[in-house]
> 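This is the structure, below, for whatever I ask next.
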Amino acid sequence: MCHNSLVGDPHAHPNAARCRGLKKRYGKVVAVDGLDLDVRTGECFGLLGPNGAGKTTTIEILEGLLKPDAGEVEILGLRWGVDDQALRQRLGIQLQDTQFSDKLTVAEVVRLFRSFYLRGPSVNDVLAMVELESKRGSWVSKLSGGQKQRLAVACALVNEPDLLFLDEPTTGLDPQSRRQLWSLLEQFRQRGGTIVLTTHYMDEAETLCDRVGIVDRGRMIALGTPRELISTLGAEHVIEFELEDGALLDSGMLKQLPGVQDVRRVDGSTSLHVSELHTSVPALLATLEREHRNLSRFATHHASLEDVFVAHTGRHLRDE
């Protein structure tokens, strides 16, 4: 990573991005409602939340694409409206939906974006970075979804940015393409870069992010490392079940089962946060048999960031 940036040393500031009291309204809709955020230099920070939570609006304000109605924003120690030219040379941005001209080749697209910046790697180096050398002469219209996404990231890396913004970078990609992109982002981190990304994929956040902030209705409702946030549940596993007749078992009775730390209800489904599956599952099944109840659905999983969101809001992260 080259850090001969136009203004100062990127590591001179402990925070690559900082905002206080951020607000943005669209008519009567409040998209961002007094958000505070610190992104530390050198980390990968994830903004999580359902569609409409305010993630993209927040990112676009940090990128300088939107003006907030209120609040302060500082990026790499600089401010939009004062240091715009210097900031644009140091940021890499991949939008949620990037549209390239279908009749340009991959190399032509990268060369065009590279021409916007004073310094950065060669077109060949960028194509090698995102593993698109074999597609350099291919039209954009001939690329797969994963290849187009890697091209979008390539265009965000042409200036060797200090801070990289990624908005839902792997939405719609197959598992192999997602993991290729994860590997690319890890390499960027190893070269000293800072990443801010939005995602609603919990495995992505847990794999890539040093810290995550969970946003709901324009407010930060939880902040910490994935491990810290999951540990707030007080349980390592989750049991989810539904009964055939749609009935619900008494919460007090469920809380008395061995190993059960908490009981949650979401849309007719019951979730038990448990410390030991091997004691809680047999006890639950014995209770269902005693109560003459039949299961229509039963599943277990390790506690995740999705469960943290449900615990805070009573809704699933993927709810529209």
> Looking only at heavy atoms, what is the nearest atom pair of V158 and P121, with distance?
O-CD, 3.2 Å
> Look up atom OH in Y117 and atom CG in L91, then write down how far apart they are to the nearest 0.5 Å.
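With rounding to 0.5 Å, OH (Y117) is 8.0 Å from CG (L91).
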> Step by step, work out the side chain to side chain contact (heavy atoms under 4.5 Å, CB included) result for T300 and E240.
CA-CA 6 Å; T300 67; E240 293 183 348; over 6 Å; no
> Is the distance between the ring centroids of H301 and H237 less than 6.0 Å?
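Ring centroids of H301 and H237 are no less than 6.0 Å from each other.
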> Are any of the side-chain heavy atoms of L35 and T58 separated by less than 4.5 Å?
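Of all side-chain heavy-atom pairs linking T58 with L35, at least one is under 4.5 Å.
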> Just checking E108: does its CD atom have more than 12 heavy atoms from other residues, nucleotides or ligands closer to it than 6.0 angstrom?
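Yes, CD of E108 has more than 12 neighbouring heavy atoms, counting only those of other groups under 6.0 Å.
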> Determine whether D216 and H312 make a side-chain contact, defined as any pair of heavy atoms from C-beta on separated by less than 4.5 Å.
no
> Locate the shortest heavy-atom distance separating A247 from R293; write the atom from each residue and the value.
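Minimum heavy-atom contact is CB-NH1, 3.8 Å.
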> Between D33 and R219, does any side-chain N to carboxylate O distance fall below 4.0 Å?
yes
> Are the side chains of L295 and L285 in touch, meaning some heavy atoms are under 4.5 Å apart?
yes
> In Å, rounded to the nearest 0.5 Å, how long is the span from CG of L157 to CZ of R114?
12.5 Å
> Rounded to the nearest 0.5 Å, what's the gap from CD on E186 to CG on L181? Could you check?
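The distance works out to 12.0 Å.
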> Is it true that L143 and F113 fall in one hydrophobic cluster, defined by side-chain heavy atoms closer than 4.5 Å?
yes
> Is R265 atom CZ crowded by more than 12 heavy atoms from other residues, nucleotides or ligands, each under 6.0 Å away?
yes
> In Å and rounded to the nearest 0.5 Å, what is the OG to CZ distance from S271 to F241?
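Rounded to the nearest 0.5 Å, the OG-CZ separation comes out at 8.5 Å.
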> By the ring-ring contact (aromatic ring centres under 6.0 Å, His included) test, which pairs, at least two apart or in different chains, include something from residues 256-298?
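Sorted result for residues 256-298: empty, none.
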> Locate the shortest heavy-atom distance separating G92 from P161; write the atom from each residue and the value.
N-CB, 3.3 Å
> Answer yes when R40 and D38 have at least one side-chain N-carboxylate O distance shorter than 4.0 Å, and no when they do not.
no
> Measuring only between side-chain heavy atoms, which start at C-beta, is D167 closer than 4.5 Å to L95?
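They are not in side-chain contact.
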> Check this for me: does any side-chain nitrogen of one of R79 and E74 sit under 4.0 Å from a carboxylate oxygen of the other?
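E74 and R79: salt-bridged.
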> Given side chains that start at C-beta, do those of S269 and R297 come closer than 4.5 Å, heavy atoms only?
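SC-SC contact between S269 and R297 confirmed.
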> With a sphere of 6.0 Å drawn around CH2 of W182, does it hold more than 12 non-hydrogen atoms of other residues, nucleotides or ligands?
yes
> Have N124 and R136 got a donor and an acceptor in their side chains that come within less than 3.5 Å?
yes
> Do F45 and I195 come close enough that some side-chain heavy atom pair is under 4.5 Å?
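F45 vs I195: side chains apart.
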> Is there a side chain to side chain contact (heavy atoms under 4.5 Å, CB included) between L288 and L243? Walk through the geometry before answering.
CA-CA 9 Å; L288 292 170; L243 302 182; 3.7 Å; yes
> Do NZ/NE/NH1/NH2 and the carboxylate oxygens of R90 and D162 come within less than 4.0 Å?
yes
> Between R211 and E43 (salt bridge meaning N to carboxylate O under 4.0 Å), is one present in this structure?
yes
> Any chance you could lay out the side chain to side chain contact (heavy atoms under 4.5 Å, CB included) test for K142 and D102, step after step, and finish with the verdict?
CA-CA 8 Å; K142 302 296 185 183; D102 283 346; over 6 Å; no
> Crowded around E244 CD? As in, over 12 foreign heavy atoms under 6.0 Å?
yes
> Of the non-hydrogen atoms in P226 and A205, which two are nearest, and what is the gap between them?
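Where P226 meets A205 most closely, the heavy atoms are CG-O, 4.1 Å.
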> Is the positively charged end of R178 above the ring of Y201, judged by distance under 6.0 angstrom from the centroid and angle within 45° of the axis?
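Satisfied, under 6.0 Å and within 45°.
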> Distance alone, cut at 3.5 Å: any donor-acceptor contact between the side chains of E204 and T199?
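Short answer, yes.
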> How long is the gap from CD on Q85 to CD on Q89, to the nearest 0.5 Å?
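Interatomic distance, Q85 CD to Q89 CD, rounded to 0.5 Å: 6.5 Å.
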> Check Q261 against G234 and note the closest heavy-atom contact, atom names and distance.
CG-O, 3.3 Å
> Do M129 and R191 make a side-chain contact, defined as non-hydrogen atoms from C-beta onward lying under 4.5 Å apart?
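Contact flag for M129/R191 side chains = yes.
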> If you measure only the distance, is there a donor-acceptor pair under 3.5 Å linking the side chains of T270 and R264?
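No - no donor-acceptor pair under 3.5 Å links their side chains.
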> Applying the 4.5 Å side-chain criterion to the ILVMFWY set and letting contacts propagate, would L151 and V123 be lumped into a single cluster?
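They do share one cluster, since a chain of ILVMFWY contacts under 4.5 Å joins L151 to V123.
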> For the residue pair D69 and R25, what are the closest heavy atoms and their distance?
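Nearest pair, atom of D69 first, then R25: OD2-N, 2.7 Å.
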> Does I221 reach the side chain of F309, with side-chain heavy atoms less than 4.5 Å apart?
yes
> How long is the span from the CG atom in L127 to the CZ atom in R111, to the nearest 0.5 Å?
9.0 Å
> Flag yes if more than 12 heavy atoms outside R217 fall under 6.0 Å of its CZ atom; otherwise flag no.
no
> Salt-bridge test for D250 and K255: reply yes if a basic N is under 4.0 Å from a carboxylate O, no otherwise.
no
